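As the structure is a computational prediction, the values presented were derived from the model and not from experiment. Every number for a ligand or one of its atoms is a count from 1 in the order of the listing.
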Amino acid sequence: MTVRTRFAPSPTGFLHLGGARTALYSWAFARHFGGTFVLRIEDTDLERSTPEAVQAILDGMQWLGLSHDEGPFYQMQRMDRYREVVASMLEQGTAYLCYCSPDEVEAMRERMRAAGDKPRYDGTWRPEPGKELPPVPEGVKPVVRFKNPLDGEVTWVDVVKGPITIANKELDDLIIARPDGTPTYNFCVSVDDWDMKITHVLRGDDHVNNTPRQINILNALGAELPQYGHLPMILGADGAKLSKRHGAVSVMEYPAQGYLPEAMLNYLARLGWSHGDDEIFSMEQFTEWFNLEHLTASAAQFNPEKLAWLNNHYIKLADNERLASLVRPVIEREGGVLDGAPALPTVLALVKDRAHTVNELADTAMLFYRAPKPDAALLAQHLTDAVRPALAAFAERCKEVEWSKAAIAALFKEVLAAHGLKMPQIAMPLRLLVTGQLQTPAIDAVLELFGRDTVLARIGKGL
Ligand code: GLU
């Protein structure tokens, strides 16, 4: 069997974290088996679907590198196919025309509710051997209903939740086509999964209720059933459904906040699936390891700190030129001047260890790209009369030494000993004068990067 999975988002909003995780697992499962990953856009809800949302989904998938092998298929472009299947089901008797008006159906439901029964369609137009159907009313456009089995039950072994059984009595004769002929949701999904020869359906567990209906339709079509796995929801740290107040829910807010796709992928991979104690792994490892046996059945909790921790890990690993291309626009937007300043990749190599996001990285790197404006009070506090002569001597000696971090460090030792000072006494005012701030990476490394001329000019100006 060739594995064929699909991701089938409804384009009614951005790609959220839950959707991205579903896409990732479906993608990884196909990759694991050398199978095919299909992208299908379920855009039949005309009121809520928008081209912007389609684009947002495609952008999110692209940012994460979840490339599809087939599609995107758009359900709106498959209407002829759905009509064809409706017609063949009518012909085969697995579906039938129903002329009840919505009001009549509502009235019948009301009667059942009043009698304490589960409200459902009463089968008025369902053809049965020997049963006489009501006369066809004039001028009424019928809906098409699926002839759901009356007895028995539907059972599937969910790859996440285990065996699930639903009695057919619980299921209505579902409308599969509306009076104007347009097909309905569960029907389209079933036809698509059949036509696209999907072998494994992974999706959110808000679809569990749809699965028995889809299985019955697929059975009626004579289709082979896929395996189903329903992934539990992603919750916020407080246990509530993930929403805006837990931070970003749209995947595309993460690149804007300075997250790397590999951090997001690693995070989502681990959120609902495990491989022993492994927390950090590449997508190559993930696709090699990913299976359906280690999916977590309980809801996953979104933990932004862990995502930030992973992002820091991948920032440290990332190539400095690549980081520079992400940081450069942020620095420029913030008014930093890159021309004539230390090379960005070299600066990033120095400052990236502590950064949790690309934006934090840009903030730290900014000290190299902005004219220092030390706070006067701070300067008065640190640039004391006791320190001035030491700084002046340091500057003098700077003119002579070889310009390297090691030589600058040795120079500090020399000047501190000669003036009887401790490192912070000279490092703090130096930081202020050269960078305008008290927090910087190691001062010898910072000075080396700024270059002799800039350092001398800024000390000179301050003194
Ligand atoms: N279109 C559905 C959604 O976005 C998914 C349907 C499915 O995966 O079967 O929730």
Could you give the N/O to N/O pairs under 3.5 Å linking ligand 1 and the protein, each with its distance?
unit_1   : atom_1 : unit_2 : atom_2 : d
ligand 1 : 1 (N)  : A8     : O      : 2.7
ligand 1 : 1 (N)  : S10    : OG     : 2.8
ligand 1 : 1 (N)  : E42    : OE1    : 2.6
ligand 1 : 4 (O)  : S10    : N      : 3.1
ligand 1 : 4 (O)  : S10    : OG     : 3.3
ligand 1 : 8 (O)  : R6     : NH1    : 2.6
ligand 1 : 9 (O)  : R6     : NH1    : 3.3
ligand 1 : 9 (O)  : R6     : NH2    : 2.7
ligand 1 : 9 (O)  : R203   : NH1    : 2.7
ligand 1 : 10 (O) : H207   : NE2    : 2.8

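For residues 272-290, the pairs satisfying salt bridge (charged side-chain N to carboxylate O under 4.0 Å, His left out) are R270-E279, E279-K306, with sequence neighbours left out.
In this structure the side chain of W27 never reaches within 4.5 angstrom of the side chain of F7, judged on heavy atoms.
Panel note: side chain E334, backbone G336; no donor-acceptor pair is recorded below 3.5 Å.
With 3.5 Å as the limit, one finds a donor-acceptor pair spanning the side chains of T155 and T165.
Classified by interplanar angle (parallel below 30°, tilted 30° to 60°, perpendicular above 60°), the ring pair F29/F33 is perpendicular.
Residue-environment remark: CZ (R354) stays at or below the threshold of 12 foreign heavy atoms within 6.0 Å.
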